[in-house]
Amino acid sequence: MTIEAILKEDIRIAIQKHFDVAADDIILQPTKKEFEGFYTFVTFSLSKTARKSPAEIGQIIGTELQESSSLVSHFNVVQGFLNLSLKDSTWRGLFDSILTNPAFGTFPSNGESVMVEFSSPNTNKPLHLGHLRNNFLGDSLARILKASGYDVVKTCLVNDRGIHICKSMLAYRELGNGETPESSGLKGDHLAGKYYVLFDKEYKAQIGKLVEEGMSEELAAKKAPWMLEAQQLLLAWEQGDQAVVDLWNKMNGWVYDGFRQTYDKIGVAFDKTYYESNTYLLGKDIIEEGLKKNVFFRKDDNSVWIDLKEEGLDEKLVLRGDGTSVYITQDLGTTELKFSDFHNNRYLWVVGNEQDYHFKVLFAILKRLGRPYADGCYHISYGMVDLPSGKMKSREGTVVDADELVSQMIQTAADRTQELGKIDDFESAEAKKLYDQLALGALKYFLLKVDPKKRMLFNPEESIDFQGHTGPFIQYTYARIRSILRKAEQSGLIPTVPSENYKIHAAEKELIFSLSLYPSRVLTAANEFAPSVISLYAFELAKVYNQFYAEVSIFQDPDPEAVKFRIALSKVVSETIHSALELLGIDVPERM
RNA sequence: GGUCCGGUAGCUCAGCUGGAUAGAGCAACUGCCUUCUAAGCAGUAGGUCAUGUGUUCGAAUCACAUCCGGAUCACCA
């Protein structure tokens, strides 16, 4: 049982005893900094039933706890707030339980499995900042869910077919002159992206010309020669035209090669990758089934629909009149495939909030169809990354390219590190590794510290910080501690829990308290699908440690017990920081 | 227009299962490196929590309304 749980029980018993009131859900909050104590119980709500003033109630419960609770040393009451301080033996026991628990912050298997689908790129252009948020969120969530007891499968659904890919292919065929990643020195995904942009340029010119000749803009957009041709390409692809399929294979191959480099660089991997070219025909059987079950209905033009007005949604098309699939058809099929592949208890999709409606519809359909996995489906909807100028638009060239951003961050990390001159003795490979760790630490932390649901702002003018509320701040705290632990080891000092006579310092209590919060934060992060909970925790812990570090001396303290205790505290903090950052996919350096 | 999400310090964000004088970081200003890494610590300054009404002993937090911003409502994905 946790300290908090025992305290709540003690408070419940005290209330029962003195006021004869059954209080089931006792809520404790952390005591605000300006008051003494660590846990606060608010008594206002008891005032009516207990027929006493909040302050009196606080006094009575506080006195009772001081006498009978095994944990409480003393208390103070401010208005209706009962602030509780803990005995040194409580702190010692708490710390001991953390120190001796090698799996601190991770939970045993809960017997459930979950699939996290994320990343899901299109193969016509390179990854951008928005994809990074998606990738980091998905990767981190997978780690957090694993730590909280789930069996996790990470999947990626690659959108490797469709009109957008055909646009790149067309522009390449017409303007490419046989260019390759090797001949151009461009990463494959960037090469494909280049032709996507070229397509758009030419396409716009064609529209302009048609409009000049008197055509309406809307019609011109449909009738522009390259648009018609791209549609022809798509059709040819679907019919298996060898030349088209060959080009498609060639260009997608380049793109995958480029993606692989990016994924390697940012440390993201998947257990299984699904390709839309393999799944886009799936789902039609489900449409048939739904028609038989009268979940769907057919309109006169042969298109198939579902009426979701009861769910507060609308009528929704599930199959085109010509019998071809739409997005939702595919998703029905892919979800069925995922289920038959893995039989997970839960399915999560990390997809931007622009698709909120789509997933509402998808899940509603799965329920109507009576799918066993329907209730386990959940859309992890995250907000867009905006620029000061507004939304990123790939066609308008306002996107922040992922590879470029990462290499800029690495350069900044290198510059900053060299300025400080602390690692001048590093081999160049060692230094490079550190720059990568810091750059990705800064970038990942930047994108993961914000509540996923909220849209966030990225200003390319102001590069991402390495000071203050950042990844490198936390990494720095870790490196600092590692340095201490190395020194301790050399001096033969063993981390130890102090004896009963040892008077625990306030800064030490703060640290133990911060540490004790970790497991519950992991669970909160898992339940809310919010890596930001872990981000904020890691920052708080690092901050508390730095305060401790500034306030007390570790090796200079005359009391050998204090020295060994502080080394033990440092050790556990470093391990907890390491663990928390690992949940965010952030690496820790031994020195920086 | 319907639905959904958001509006907290100059900027970026916490806090939102109701509780104490609303917290961080950045930017600004002041101190602290002969002592374990100053990518740090301590401090100053900065707020009508979009607005209004309501519920409550108590509201940034809940409800309703209004204003502002965004997303979505495709036989696109």
Side-chain angles (χ1 to χ4, degrees), chain A residues 25 27 29 31-35 40 42-45 47-48 54 78-81 83 120 122 159 161-164 276 280 299 301-305 312-314 316-322 324-331 352-358 360-361 381 383-384 386 388 390-391 413 416-417 419-420 422-423 438 442 446 449-451 453-459 462 465-477 479-488 532 535-536 539-540 542-543 545-557 563 566-567 570 591-592:
Chain A
D25 48 337
I27 293 169
Q29 47 183 284
T31 304
K32 296 200 82 171
K33 259 193 179 169
E34 55 264 49
F35 301 97
T40 294
V42 182
T43 62
F44 290 100
S45 56
S47 193
K48 263 178 273 168
V78 182
Q79 299 166 52
F81 299 91
N83 303 319
S120 307
N122 291 357
N159 185 7
R161 62 160 285 281
I163 190 74
H164 40 285
E276 227 182 81
Y280 83 106
K299 286 195 177 175
D301 64 359
N302 211 38
S303 59
V304 182
W305 296 72
L313 305 166
D314 216 333
K316 186 82 188 169
L317 177 99
V318 293
L319 196 68
R320 290 195 187 99
D322 63 7
T324 58
S325 300
V326 290
Y327 183 35
I328 201 113
T329 328
Q330 292 176 35
D331 260 359
N353 61 12
E354 54 200 354
Q355 293 191 31
D356 284 356
Y357 185 75
H358 169 77
K360 274 187 191 162
V361 171
S381 163
M384 300 290 104
D386 287 331
K391 204 179 167 179
R416 182 87 186 107
T417 305
E419 269 168 41
L420 293 171
K422 292 181 185 179
I423 61 150
L438 293 177
F446 180 83
K449 76 174 171 182
V450 181
D451 183 341
K453 290 194 290 293
K454 295 193 179 176
R455 49 188 269 248
M456 63 181 295
L457 193 104
F458 174 78
N459 189 345
E462 303 164 12
D465 270 318
F466 285 71
Q467 283 170 26
H469 189 183
T470 67
F473 169 91
I474 304 166
Q475 291 172 313
Y476 170 73
T477 308
R480 239 184 181 182
I481 299 177
R482 291 301 301 161
S483 161
I484 287 167
L485 296 179
R486 281 191 298 270
K487 183 172 172 181
S532 57
S535 309
L536 297 172
F539 175 63
E540 279 166 33
K543 215 162 51 155
Y545 184 83
N546 282 326
Q547 285 160 359
F548 162 86
Y549 181 92
E551 200 170 320
V552 305
S553 169
I554 293 174
F555 294 107
Q556 312 306 323
D557 199 288
V563 175
R566 287 170 192 168
I567 290 167
S570 300
R591 279 182 58 192
M592 64 184 272

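Just so it is clear: chains get the letters A, B, ... in the order the sequence lines come, proteins before strands, and each one is counted from 1. Keep in mind the model is a prediction, meaning the values are calculated, not measured.
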> So, A/F81 and B/rA20: ring centres less than 5.5 Å apart, planes less than 30° off, yes or no?
Replying inline: yes

Between the protein and nucleotides 21-24 of chain B, which nitrogen or oxygen pairs are less than 3.5 angstrom apart?
| from | atom 1 | to | atom 2 | distance (Å) |
| --- | --- | --- | --- | --- |
| B/rG23 | OP1 | A/K32 | NZ | 3.1 |

> Between A/R486 and B/rU37, is there a side-chain N or O to OP1/OP2 distance below 4.0 Å?
Replying inline: no

> Does A/V318 reach the side chain of A/V326, with side-chain heavy atoms less than 4.5 Å apart?
Replying inline: no

>> Cation-pi check for A/F539 against A/K449: NZ or CZ below 6.0 Å from the six-membered ring centre and within 45 degrees of the axis, yes or no?
In response: no

>> On RNA chain B, does the nearest nucleotide to A/D465 precede the nearest nucleotide to A/I484 from the 5' side, or the other way round? Give the residue.
In response: A/D465

> Looking only at atom P, what distance separates B/rA20 and B/rC62, rounded to whole Å?
Replying inline: 15 Å

> Closer to the 5' end of RNA chain B via nearest nucleotide, is it A/S483 or A/I27?
Replying inline: A/I27

> Taking CD from A/E551 and C1' from B/rG40, how many angstroms apart are they, rounded to a whole number?
Replying inline: 14 Å

Look for any protein N or O under 3.5 Å of an N or O in nucleotides 4-10 of chain B and output each such pair with its distance, or none.
none

> Which value, in whole Å, describes the distance between the C1' atoms of nucleotides B/rC49 and B/rU21?
Replying inline: 15 Å

> Counting only side-chain N and O atoms of A/R480, is one of them less than 4.0 Å from OP1 or OP2 of B/rA38?
Replying inline: yes

>> Determine whether the aromatic ring of A/F44 stacks with the base of B/rG19, defined as ring centroids separated by less than 5.5 Å and ring planes inclined by less than 30°.
In response: yes

>> In whole Å, measure the gap between the P atoms of B/rA14 and B/rU8 for me.
In response: 11 Å

> Taking CD from A/Q547 and P from B/rG40, how many angstroms apart are they, rounded to a whole number?
Replying inline: 13 Å

> If you check the A/I554 side chain, which of B/rA71, B/rC36, B/rC73 turns out closest?
Replying inline: B/rC36

>> Could you tell me how far B/rU72 sits from B/rA77 if I compare only their C1' atoms? Round to whole Å.
In response: 14 Å

> Parallel, tilted or perpendicular: which describes the rings of A/Y327 and A/H358, with under 30° parallel and over 60° perpendicular?
Replying inline: parallel

> Which stems does RNA chain B form, counting runs of 3 or more consecutive Watson-Crick or G-U wobble pairs with both distances under 3.5 Å?
Replying inline: B:1-7 with B:67-73, B:10-13 with B:23-26, B:28-32 with B:40-44, B:50-54 with B:62-66

